[in-house]
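Here's the structure, in structure tokens; my notes come after.
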Amino acid sequence: MKKYSVFSLAREALRYHSGWERAWASPDPKAEYDTIIVGAGGHGLATAYYLAKEHGITNVAVLEKGWLGGGNTGRNTTIIRSNYLQPESAAIYEKARGLYEGLSQELNFNIMFSPRGVMMLCQTQHELRAMQRTAHANRLAGIETEMVSPERVKEIVPIIEIDGPRFPVLGGLWQPRGGTARHDAVAWGYARGASARGVDIIQQCAVTGIDRDASGVTGVQTTRGPIRCKKLCIVVAGSSGVLADMAGFRLPVESVALQALVSEPVKPCMDCVVMANTVHGYMSQSDKGEMVIGGGADGFNNYTQRGSFQHLEETVRALIETFPMISRLKMLRHWGGIVDMTGDRSPIIGQTPVPGIFINCGWGTGGFKAIPGSGWATAEMLAKGTPGTLAAPFSLDRFTEGRMIDESVAAAVAH
Ligand code: FAD
Ligand code: PYC
């Protein structure tokens with residue numbers, strides 16, 4: 001892999017950019033791999049990268065039915081934060097946020113991490129008290145967050161209306177080192193790093209069946225033929241239930257569309273992320289100037305990867321009292337992704353009832369922020385055959401043992 005640097009940029013500028021090589025290889029599938037990862041979203045690619053880098057395991061294929069990063073990873077609104085309530089979640093989300101800080105350097109790929117700060121508004125007394133509790137929990141977990149007054153919210157976010165008649169701003173939970181990153185670049189950077197270390201990334205290769213014998217998994221059926229493997233890791237977000245069905249077990253997840261939209265570009269007016277969870281809306285400004293806006297998940301289970309006018313109207317209406325300026329903006333595009341929701345709004349990372357099959361799913365509306373930490377922990381589990389300390393609390397068993405990790409408030413997005 002050729003290193004990207006100011007020197008390579010200058011060299012290529014002098015020869016009309018004719019010498020750039022492809023960022024990752026596109027090999028044909030081999031007959032057999034030690035490990036197959038299904039799903040080339042951020043979580044699958046990060047898992048492959050850390051398997052190769054941290055554990056030296058490279059006889060690995062990542063199989064993707066479409067194009068890499070084309071699922072939720074390329075459809076999300078890129079918010080990164082770690083202000084979760086429970087210690088288990090704080091640990092994995094903060095590990096991820098920490099890795100994001102150095103990821104451009106580590107991958108030699110600019111993921112445009114922008115720690116611009118995340119403000120979670122409190123617009124009811126109840127929300128104010130819940131967020132105060134979260135701030136205390138964050139302090140205990142060593143996560144830098146603080147409660148701020150309405151006046152401080154206004155200083156940080158001048159375009160906000162704090163004295164709205166229905167939803168006044170009573171305070172905010174501020175995470176100064178939260179922020180955003182370029183979603184595609186995260187997928188592309190991990191793909192390039194994994195491919196350079198010998199991982200085969202195979203796009204346009206849908207898994208259509210899972211082969212098993214009495215001792216466990218033996219391989220997969222794909223649209224490009226059968227491939228044998230010793231270990232299989234399912235990392236397909238909204239399609240997790242479908243893949244589990246192929247393997248012969250059920251998962252406690254529901255698939256729902258989550259939608260977002262962007263406005264026409266405007267001059268810089270908001271340099272942090274704001275989430276208004278009482279009214280079900282959030283907003284940030286992209287580097288291009290578009291206001292990136294999202295709301296709650298669809299209220300019914302579905303596999304629809306697109307936006308709807310009804311949702312667009314609902315989300316903008318929710319935010320207008322708090323951000324009156326958006327009433328004058330034209331909206332440009334809207335879209336949807338399929339998110340996989342668990343009952344406690346925490347992910348599942350662990351072994352499945354089928355020996356040799358592992359799963360990473362259930363990130364619901366909030367898995368972009370977790371990609372580096374989740375990939376790191378899933379790679380550790382695959383390498384050792386059993387989850388390490390970061391992943392262990394998120395096992396599938398917790399639903400039968402009653403060990404819920406309730407993050408329905410921290411998940412923030414209405415569902
Ligand atoms: P995906 O990126 O969906 O990757 C799974 C891959 O599996 C897909 O590429 C798919 O094609 C592939 N696949 C499926 N079936 C098969 C098969 N049979 N064979 C082969 N491949 C298959 N999270 C945040 O932290 N912050 C946010 O601001 C945020 N905003 C969001 C906004 C929206 C509109 C949406 C939809 C989600 C948002 N999320 C956010 C959630 C986040 O996007 C997801 O949790 C995360 O991207 C999941 O990553 P993944 O790698 O698990 O899944
Ligand atoms: O998890 O922070 C989040 C989030 C914001 C928008 C969608 N998910």
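Here the structure is a predicted model, which is why all the values come from computation and not from measurement. Each ligand, and each atom within it, is numbered from 1 in the order the structure gives.
- Glu106 and Lys53 are joined by a salt bridge, as a carboxylate oxygen and a charged side-chain nitrogen come within less than 4.0 angstrom of each other.
- Interface of Gly366 with ligand 2, defined as ligand atoms under 4.0 Å from a residue heavy atom, comprises 1 (O).
- Close N/O approach between Cys205 and ligand 1 is not found [any backbone or side-chain N/O within under 3.5 Å].
- Ligand 1 lies less than 4.0 angstrom from a heavy atom belonging to Gly364.
- Proximity to Leu243 (heavy-atom distance under 4.0 Å) selects the following atoms of ligand 1: 18 (N).
- Here CD1 of Ile359 is found 12.5 Å from OG of Ser395. Values are rounded to the nearest 0.5 Å.
- A salt bridge links Arg177 and Glu101; the closest N-O separation between the charged side-chain nitrogens and carboxylate oxygens is under 4.0 Å.
- Checking side-chain atoms of Asn76 against main-chain N and O of Asn72 turns up a donor-acceptor pair under 3.5 Å.
- The line from CG of Leu170 to CE of Met131 is 12.0 Å long, rounded to the nearest 0.5 Å.
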From CA spacing to verdict: side chain to side chain contact (heavy atoms under 4.5 Å, CB included), Glu407, Tyr93
CA-CA 12 Å; Glu407 291 292 5; Tyr93 287 107; 5.8 Å; no
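- Listed by number with element, the atoms of ligand 1 under 4.0 angstrom from any heavy atom of Gly39 are 6 (C), 7 (O), 12 (C).
- For atom 21 (N) of ligand 1, the closest non-hydrogen atom of the protein is Lys65 N, 3.1 Å.
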Run the numbers on Gln221 and Asp211 for side chain to side chain donor-acceptor pair (under 3.5 Å), then give the verdict.
CA-CA 7 Å; Gln221 298 293 323; Asp211 300 330; 2.9 Å; yes
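- Applying the 4.0 Å criterion to heavy atoms of Trp363 picks out, from ligand 1, the atoms 45 (O).
- The pair Asp271-Arg116 does not count as a salt bridge, with every side-chain nitrogen at least 4.0 angstrom from each carboxylate oxygen.
- Given atom 2 (O) of ligand 1, the protein heavy atom at minimum distance is Thr73 OG1, 2.6 Å.
- Below 3.5 Å of separation, one finds no N or O of Trp67 facing any N or O of ligand 1.
- At least one N or O atom of Lys369, backbone or side chain, sits closer than 3.5 Å to an N or O atom of ligand 2.
- Here the heavy atom of the protein found nearest to atom 18 (N) of ligand 1 is Val207 O, 3.1 Å.
- Set against the non-hydrogen atoms of Ala237, the atoms of ligand 1 under 4.0 Å away are 3 (O), 52 (O), 53 (O).
- Against a heavy-atom cut-off of under 4.0 Å, Thr78 is close to the following atoms of ligand 1: 27 (C), 28 (O).
- If you look at Tyr50 and Tyr190, their ring centroids are closer than 6.0 Å.
- With values rounded to the nearest 0.5 angstrom, Met275 atom CE is found 7.5 Å from Thr77 atom OG1.
- The protein heavy-atom contact nearest to atom 1 (P) of ligand 1 is Asn72 N, 3.5 Å.
- Of the polar atoms of Tyr282, none of the N or O atoms is found under 3.5 Å from an N or O of ligand 2, judged by distance alone.
- The heavy-atom pair separating Ile210 from Leu243 by the smallest distance is CD1-O, 3.7 Å.
- Residues Val274 and Met270 come closest through the heavy atom pair CG2-SD, 3.9 Å.
- The distance from the CZ atom of Arg345 to the CD1 atom of Ile405 is 14.5 Å, given to the nearest 0.5 Å.
- In the candidate list Val273, Ile79, Ile234, Ile79 is nearest to atom 26 (N) of ligand 1, counting heavy atoms.
- Contacts between Leu63 and ligand 1, counted as non-hydrogen atom pairs separated by less than 4.0 Å, involve the backbone only.
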Tyr282 vs Asn277, test: side chain to side chain contact (heavy atoms under 4.5 Å, CB included). Steps then yes/no.
CA-CA 7 Å; Tyr282 59 89; Asn277 306 328; 5.7 Å; no
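- Residue contact check: Val413 has heavy atoms under 4.0 Å from atoms 4 (C), 5 (C), 6 (C), 7 (C), 8 (N) of ligand 2.
- One finds no salt bridge joining Asp213 and Arg228 here, because no Lys/Arg side-chain nitrogen approaches an Asp/Glu carboxylate oxygen to under 4.0 Å.
- Protein heavy atom in closest approach to atom 6 (C) of ligand 1: Glu64 OE1, 3.5 Å.
- Close to ligand 1: Ala206, with a non-hydrogen atom less than 4.0 angstrom away.
- Taking both residues in full, the closest heavy atoms of Leu128 and Met147 are given as CD1-CE, 3.8 Å, listed atom of the first, atom of the second, then distance.
- In Arg75, the part holding a heavy atom less than 4.0 Å from any atom of ligand 1 is the backbone.
- The protein non-hydrogen atom at the shortest distance from atom 23 (N) of ligand 1 is Phe368 N, 3.1 Å.
- Between Phe109 and Tyr4, the two ring planes are tilted [angle within 30° to 60°].
- For a threshold of 3.5 Å applied to N or O pairs, the pair formed by Arg81 and ligand 2 contains at least one separation below that value.
- Between the CD atom of Glu88 and the CZ atom of Arg398 there is a distance of 9.5 Å, given to the nearest 0.5 Å.
- Geometrically, ligand 1 and Ala260 share no nitrogen or oxygen pair separated by less than 3.5 Å.
- Among the atoms of Gly66, none of the N or O lies under 3.5 angstrom from an N or O of ligand 1.
- A salt bridge is absent between Lys154 and Glu151: the closest approach of a Lys/Arg side-chain nitrogen to an acidic carboxylate oxygen does not fall below 4.0 angstrom.
- Here the heavy atom of the protein found nearest to atom 13 (N) of ligand 1 is Val236 CG1, 3.7 Å.
- Which parts of ligand 2 touch Ile79 is read off a 4.0 Å heavy-atom cut-off, strictly below it: atoms 2 (O), 5 (C), 6 (C).
- Nearest non-hydrogen protein atom to atom 30 (N) of ligand 1 is Thr77 OG1, 2.8 Å.
- Interface of Ser239 with ligand 1, defined as ligand atoms under 4.0 Å from a residue heavy atom, comprises 14 (C), 15 (N).
- For the residues Asn76, Thr208, Val339, the heavy atom positioned nearest atom 32 (C) of ligand 1 is part of Asn76.
- Taking every non-hydrogen atom of His43 and a distance limit under 4.0 Å, the qualifying atoms of ligand 1 come out as 48 (C), 49 (O), 50 (P), 51 (O), 52 (O).
- Atoms of ligand 2 lying under 4.0 Å from any heavy atom of Thr365, numbered from 1 in the order shown and given with element: 1 (O), 4 (C), 7 (C), 8 (N).
- Residue-level proximity to ligand 1 for Ile371 is absent, since no heavy atom of it falls below 4.0 angstrom.
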